[in-house]
Amino acid sequence: MSPPAEPQYQAVISAAGFSLGVCCDEEQIHRIAFLPPRPAVAARNALAAEAAGQLAAYLADADFVPALPLHPAGTPFQRRVWQQIAAIPTHQTRTYGEIAKALHNAPRAVGQACGANPFPVIVPCHRVVATAGGLGGFAGQRAGFLLDVKRWLLAHEGC
């Protein structure tokens with residue numbers, strides 16, 4: 001059995017040590033993915049160009065807040081978690097426990113919802129950290145490349 005094919009990205013934005021792949025149609029962003037470093041790919045449609053511009057603006061200036069049309073995704077619980085995460089101001093973090101308490105749920109469930117977030121940077125799950133001051137996981141991973149990306153994003157925002 002062959003490995004699953006990589007999604008078709010309508011744009012790829014290069015950053016310091018990673019890239020962002022944008023999956024979208026003409027009207028909504030369907031997914032943003034953290035990718036290992038690779039060359040940028042020019043936008044294939046107008047929304048991809050807008051997304052690439054806004055993501056590049058955030059990567060250059062942490063105070064820039066991207067605002068893009070997102071395709072509805074996730075379970076009702078995941079959407080509630082993502083709404084809480086989207087409300088975390090730039091330059092600040094919250095713990096999995098704080099978000100869980102606000103939602104009357106368990107930190108592990110919050111972590112799983114964070115890992116399923118299809119819109120990183122827009123829904124800034126990198127701002128959710130472990131209670132003891134550790135990073136916790138990121139994008140469903142607990143080690144490796146993606147935690148390096150989380151470290152970079154938090155440092156970029158001065159957290």
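Under the ring pair (Phe, Tyr, Trp, His ring centres under 6.0 Å) criterion, Tyr96 pairs with no residue at all, not counting sequence neighbours. Listed by chain and residue number, nothing satisfies the side chain to side chain donor-acceptor pair (under 3.5 Å) test with Gln83 (two or more places apart in sequence, or in another chain).
With contacts defined as side-chain heavy-atom distances shorter than 4.5 Å, the pair Leu146/Phe34 qualifies. Residues Val12 and Pro39 fail the side-chain proximity criterion, which asks for heavy atoms closer than 4.5 Å. Gln84 places none of its side-chain heavy atoms less than 4.5 Å from the side chain of Val81. Leu20 is listed as a side-chain neighbour of Leu59, based on a closest heavy-atom distance under 4.5 Å. Contact of the Ser14 side chain with the Arg38 side chain is not registered, since no non-hydrogen atoms from C-beta on lie closer than 4.5 Å. Taking 4.5 Å as the limit, some side-chain heavy atom of Phe145 sits within range of a side-chain heavy atom of Pro37. Counting heavy atoms from C-beta on, the side chains of Leu35 and Phe18 never come closer than 4.5 Å.
In this model, no donor atom of one side chain and acceptor atom of the other lie less than 3.5 Å apart for Gln78 and Arg80. With hydrogens and angles left out, the side-chain atoms of Asp25 and His71 include no donor and acceptor closer than 3.5 Å.
Summarising the geometry, atom OG belonging to Ser19 is positioned 8.5 Å from atom CD1 belonging to Ile13; distances are rounded to the nearest 0.5 Å. Note that the SG atom of Cys24 and the NE2 atom of His30 stand 7.5 Å from one another [nearest 0.5 Å]. To the nearest 0.5 Å, atoms CD (Glu26) and CG (Asn45) are separated by 4.0 Å. With rounding to the nearest 0.5 angstrom, the CG atom of Leu153 is 9.5 Å from the SG atom of Cys159. Separation of atoms CZ (Arg31) and CD1 (Ile29) is listed at 12.0 Å; rounding is to 0.5 Å.
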Could you check Leu47 against Glu27 for side chain to side chain contact (heavy atoms under 4.5 Å, CB included), going step by step and ending with a plain yes or no?
CA-CA 7 Å; Leu47 181 55; Glu27 296 175 7; 5.6 Å; no

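Scanning both residues, Pro107 and Gly97, for their nearest heavy atoms gives CG-CA, 4.0 Å. Taking every heavy atom of both residues into account, Pro66 and Tyr58 meet most closely at CG-CB, 4.1 Å. The two residues Asp61 and His156 have their closest heavy-atom pair at C-NE2, 4.0 Å. Across every non-hydrogen atom of Ala48 and Ala43, the tightest pair is C-CB, 3.7 Å.
The hydrophobic clustering, which links ILVMFWY residues whose side-chain heavy atoms are closer than 4.5 Å, places Ile32 and Val65 apart. Hydrophobic clustering places Leu55 together with Phe64 (ILVMFWY residues linked when any side-chain heavy atoms are closer than 4.5 Å, directly or through intermediates).
The backbone N or O of Pro69 lies less than 3.5 Å from no partner atom in the side chain of Gln28, so there is not a single donor-acceptor pair. The closest donor-acceptor contact from the side chain of Gln92 to the backbone of Pro89 lies at 3.5 Å or more, if one exists at all. In this structure a side-chain-to-backbone donor-acceptor pair under 3.5 Å is missing from Trp152 to Ala15.
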Could you pull out every donor-acceptor pair under 3.5 Å between side chains of residues 115-132 and any protein atom, sequence neighbours left out?
| from | atom 1 | to | atom 2 | distance (Å) |
| --- | --- | --- | --- | --- |
| Asn117 | OD1 | Phe119 | N | 2.8 |
| Asn117 | ND2 | Val123 | O | 2.7 |
| His126 | NE2 | Glu157 | OE2 | 2.9 |
| Arg127 | NE | Glu157 | OE1 | 2.8 |
| Arg127 | NE | Glu157 | OE2 | 3.4 |
| Arg127 | NH1 | Ile88 | O | 2.7 |
| Arg127 | NH2 | Thr90 | OG1 | 3.2 |
| Arg127 | NH2 | Glu157 | OE2 | 3.0 |

